[in-house]
Amino acid sequence: MQIKVKLENGKEAVYPQGTTCMDLYREKTAGNKELLAVLIDGEECDLNAPLPENSEIAFVDFDSLQGARVYRHTASHILAHAVKRLYPGVKLGIGPAIENGFYYDFEFEDPISSDDLKTIEKEMKKIIKEKLPIRRREMSREEAEQLFRERGEPYKLELISELPEGEIISCYEQGDFIDLCTGPHLPHTGKVKAFKLTGLAGAYWRGDERNPMLQRIYGTAFPDKDRLNEYLNMLEEARKRDHRKLGRELELFSLHEEAPGFPFLHNNGAIVWQELTDYWRQEHRQAGYEEIKTPLILNRSLWEQSGHWDHFRENMYFTRIDEQDYAVKPMNCPGAILVFRSKMHSYRDLPRRIAEMGIVHRHELSGTLHGLLRVRSFTQDDAHIFMLPSQVENEVGEVIDLMDRFYSVFGFNYRVELSTKPEKAMGTQEMWDKATSILERVLDSRSIDYKLNEGDGAFYGPKIDFHLEDCLGRSWQCGTIQLDFQMPEKFDLTYVGEDGDRHRPAVIHRVIYGSMERLLALLIEHYGGAFPVWMAPVQVSVIPVTDRTHDYARKVYEQLKEASFRVALDDRNEKVGYKIREAQVKKIPYMLIVGDKEEESGQVAVRRRDQGDLGAENLPVFIEKLKTEINEKSI
RNA sequence: GCCGACGUAGCUCAAUGGAAGAGCAGCUGAUUUGUAAUCAGCAGGCUGGGGGUUCGAGUCCCUUCGUCGGCUCCA
């Protein structure tokens, strides 16, 4: 009997019955030592598996998603093995490969501290040196249960008990270590060449806060030292762009013990904010939005009516006025609804798009606060669109277009998610299904790629979320479009239709920036603090060379101010190099150096922060160019 | 909220349980400077707060607040 398989070059090959992937792997690695994993019909597969008839076989190295995953998954087993050797009483959780690395969760008898990671790394190096072969073992449920019972692994037993009936239970074994695992893995522990344990953190068993908290060890692994160091350096570089660091250095904002989670914007940050909101207003007026302002504090009865009292109370702040309960608004919707409800509407008035830069307060858990990215008070660029049910699809589509226009101005890449009905939800299943399918349809009709986020919707409706990334690649939700058939019911909103009867409108809640604070943070990191000219707190610094040219410099400065640029005059008693350095450090886009030569010719020497000296230019020419750059919002 | 770590001058960081320091920033003066740091001097502190151990605490212990990395949650 012969086995026929297709190789990656498209050629067919024939092997004797019983040939394993390992046999082919040996053959291949003779020519390419980098190969890590075998794919059978695109799926990672154990090396000891026999070649299936008519399958497509491919080998991948670390630069493929699958190769890296297998490599790092093996690193996580080496971690668990080392921990087991050092702390025999430890109980194993799970240990998958993740983006850029891997982790393993443990329950230690006595909690370890980050100092212990060095010892664990040493032990891991030993295991790597031992080049222990890694073997797959398949067993029955009973065998597996007995094995992990003997080894005192309650978490593994829990996992086994939840495996579907009839599933093949596989374990991977290296030396005296064995782990429940679907695999596959590298052939032996010596294959892991460079790794580092990068962190220690708490993590609830199976991600549920009702479960015990385990200790999670994070690490990363690469095929060689250079690539590992390259990655670690990249992280180091990313930290220099951290908005908390730049926010302080560039005097954009500050945070204080006296107000945890409530950021203070300084003048520079406020200027960026202003530019963002100016642009936002301009776009929204054009897109047919009105703008309102509603109070921060509203009576309890309103929150009871809206459902927030039942569904959001633990995140809200309360106060008492004249012996009545009030709440600080955690969302802007009830305010917008009161505005909408203050007059009668004809179907001809709809859609009505009501926007508000609304400040909301939410009591977030203290451990989740994070610079401007996760705060307890933030400004949402909110809008509520009240419309006929027949207008929903079109309106959702227009919001998506608007969203894309904004994000491309900043040069952001974004990821889309669709979130469905959560456990704690208002309304009937029917309403949810209807709302969810509308959102699906709009996304599909625009061929937008999205991830389904089961059970992650708002309590009143499903939503489409837009995620942006920070400098370390962590993703943050910014824009969101939430479809709501609940609030109109709760508040008995109506419009008069063509038929003269009252009908129920639908509502979209949507934000584009999401929160101004979060957006500001992401912009700081995205640009590394070097804002495009239109947003830059100071756009031009005029730098006289000596005090002979102070008068001329002042004239230049006045003219730029007259042209309404944000301009600074650096007439301090310092050398030119010093002033340039300082302007560079402050990331000011343009420096105009004026000395005797420039005064004589009536010009300015232009220097751009990212291009250096651009030579002399007539001031009116510079002013025109700058105006264009600002109007076009060039990045 | 939970797990772990960390809080020293505005910032970045030193200081065996034994006299709280440096660089940058700030201020004063000198220097008149040509594309990323001129020189000198001065000032700057209840070592996050509270309690304890000790002859003696920045250092050890407890507690509280804050911050950082995660988990959970979310814009």
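Every value quoted in this text rests on a predicted model; they were computed, and no experiment measured them.
- Contact annotation for A/Thr368: base contact, defined as any heavy-atom pair under 4.0 Å involving a base atom.
- Side-chain atoms of A/Glu598 and base atoms of B/rG34 include a donor and an acceptor less than 3.5 Å apart.
- Among the heavy atoms of the strands lying under 4.0 Å from A/Val545 is at least one base atom, whether or not backbone atoms are also near.
- Side-chain atoms of A/Thr220 and A/Asn100 form no donor-acceptor pair, as typed in the model, at a separation below 3.5 Å.
- Non-hydrogen atoms lying under 4.0 Å from RNA chain B are contributed by A/Arg244, A/Arg248, A/Glu257, A/Pro260, all within residues 233-260 of chain A.
- Considering only side-chain atoms of A/Gln215, the nucleotide from B/rG4, B/rG34, B/rG26 that sits closest is B/rG4.
- Using a cut-off of 4.0 Å between Lys/Arg side-chain N and Asp/Glu carboxylate O, A/Arg607 and A/Asp613 are scored as not salt-bridged.
- Within the nucleic acid shown, A/Lys579 has no heavy atom closer than 4.0 Å to any nucleic acid atom.
- Between the side chain of A/Arg518 and the backbone N or O of A/Gln477 there is at least one donor-acceptor pair closer than 3.5 Å.
- Heavy atoms of A/Ala203 sit under 4.0 angstrom from primed sugar atoms or phosphate atoms, though from no base atom.
- Among the protein residues, A/Glu574 comes within range of the nucleic acid bases, having at least one heavy atom under 4.0 Å from a base atom.
- For B/rA36, the OP1/OP2 oxygens have no side-chain nitrogen or oxygen of A/Lys575 closer than 4.0 Å.
- Of the charged side-chain nitrogens involved, none lies within less than 4.0 Å of a carboxylate oxygen, so that A/Glu454 and A/Lys421 do not count as a salt-bridged pair.
- One donor-acceptor pair, N or O on each side, does fall under 3.5 Å between the base of B/rG1 and the side chain of A/Tyr204.
- Inter-residue side-chain proximity for A/Tyr552 and A/Glu598 is flagged as met; some heavy-atom pair is nearer than 4.5 Å.
- At the heavy-atom level, A/Ser114 lies under 4.0 Å from the strands shown only through sugar-phosphate atoms.
- For the residue pair A/His509 / A/Asp484, a side-chain donor-acceptor distance below 3.5 Å is found, with atom types taken as modelled.
- When only modelled atom types and interatomic distance are considered, A/Thr368 and A/His370 share no side-chain donor-acceptor pair under 3.5 Å.
- In this model, the phosphate group of B/rG69 is approached by a side-chain N or O of A/His370 to a distance below 4.0 Å at OP1 or OP2.
- In this structure, A/Glu364 reaches the bases: a heavy-atom distance under 4.0 Å links it to at least one base atom across the strands shown.
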